[in-house]
Amino acid sequence: MHEPLVEVNHLKKYFPVKAGLLNRTVAHVRAVDDISFAIQPGETFGLVGESGSGKSTVGRTILRLTDKTEGEIRFKGKDLYRVSKEEMRRLRPQMQLIFQDPYSSLNPRVRVGDAIGEALIDHGMASRDEIRDVVEELLVSCGLSSYHYYRFPHEFSGGQRQRIGIARALALSPDLIVADEPVSALDVSIQAQIINLFRKLQDSRGLTYLFISHDLSVVEHLCSRIGVMYLGSMMEVASRDELFRNPLHPYTKALLSAVPVPIPKLKRERIVLKGDIPNPSNPPQGCKFHTRCPFVKEICTQQVPEFRDAGAGHYVACHLV
Ligand code: SF4
């Protein structure tokens with residue numbers, strides 16, 4: 001096995017909650033609470049969970065868009081929180097983010113070609129003379145046309161704007177793309193086209209993806225391994241096939257039971273979770289899922305289940321497994 005492209009070890013990210021006249025810290029939101037996983041070069045690792053599970057914070061912490069509280073993040077073997085500023089400047093273009101809504105990050109008065117090309121100029125990766133050719137090629141490889149270079153963001157549909165977002169992320173030839181809910185705002189038919197584009201670009205450019213989504217059916221189509229997060233903790237990690245065939249954690253089972261399947265006899269019995277996701281500044285003791293788990297036992301309310309290998313790289317945190 002290769003050295004992982006990304007290694008996350010015991011990562012924690014807590015956000016302070018301030019209150020009172022003196023604006024004192026009265027609590028912490030434990031957005032990410034001691035999680036570990038690795039992403040191999042060329043793979044697509046899916047991170048799923050409900051809103052508030054901490055999955056987006058993991059992506060942003062890996063890219064150093066927000067600082068960690070504790071733990072270690074390695075990219076190509078280098079500890080991203082210990083490298084020099086110079087080294088970080090060299091590594092930063094190799095990791096790019098794709099947003100759910102690329103429109104909000106595009107200046108409405110800047111032509112799309114210029115918006116994609118500006119990063120290339122900033123990093124000295126192409127001269128002004130070369131920019132047009134490089135950007136036009138990027139547009140075409142993302143399913144747009146070279147004449148789109150001169151158009152403004154408002155002239156594009158949602159799917160086309162996401163193609164622009166992808167082209168812009170690819171401009172600096174990154175190795176890692178963190179895609180945060182990149183298809184959630186799109187119609188189902190357009191979602192399929194964008195997922196196919198992700199796959200095609202991965203084959204042609206050898207990209208590695210961290211694909212963040214609340215939707216298991218989207219992740220199923222693209223990811224080779226999947227991690228399931230709940231309230232800042234990793235509940236289960238397994239290969240896509242293993243997770244869908246043999247989910248071990250009750251939370252994963254509940255999420256999977258809501259995924260539509262094309263063949264009725266393969267339909268899983270629906271598990272409806274009671275209650276809402278608890279407040280992450282005051283998570284339940286023991287297993288964080290115990291307030292909603294249909295299989296809760298007494299031990300679950302007292303002891304945090306260990307995240308351990310249940311065999312063949314299938315990791316799970318549950319007292320029943
Ligand atoms: Fe449910 Fe207990 Fe397993 Fe948590 S540890 S998922 S509460 S059975």
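In each ligand, atom 1 is the first atom listed, and ligand 1 is the first ligand listed. All values below come from the heavy atoms of this structure, side chains included, with hydrogens, waters and symmetry mates left out.
- Counting the atoms of ligand 1 from 1 in the order shown, those under 4.0 Å from a heavy atom of His249 are 6 (S).
- Taking the side chain as every heavy atom from C-beta outward, Arg240 and Val219 never approach each other to under 4.5 Å.
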Decide side chain to side chain donor-acceptor pair (under 3.5 Å) for Asp187 and Ser189; before the verdict, give the C-alpha distance in whole Å, the side-chain angles of both, and the deciding distance to 0.1 Å. CA-CA 6 Å; Asp187 293 343; Ser189 61; 5.4 Å; no
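- Separation of the His249 and Tyr230 ring centroids does not fall under the 6.0 Å cut-off.
- Using a distance-only test at 3.5 Å, with no hydrogens or angles considered, no donor-acceptor pair links the side chain of Glu136 to the main chain of Asp133.
- Excluding waters, the count of protein N/O/S atoms less than 2.8 Å from atom 2 (Fe) of ligand 1 comes to 1.
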Give every donor-acceptor pair under 3.5 Å between a side-chain atom in residues 57-67 and any protein atom, sequence neighbours left out.
from	atom 1	to	atom 2	distance (Å)
Thr61	OG1	Thr57	O	2.5
Arg64	NH1	Leu80	O	2.7
Thr66	OG1	Lys13	NZ	3.4

Please test His10 against Glu70 for side chain to side chain donor-acceptor pair (under 3.5 Å), starting from the C-alpha separation and ending with a verdict. CA-CA 7 Å; His10 300 290; Glu70 260 179 47; over 6 Å; no
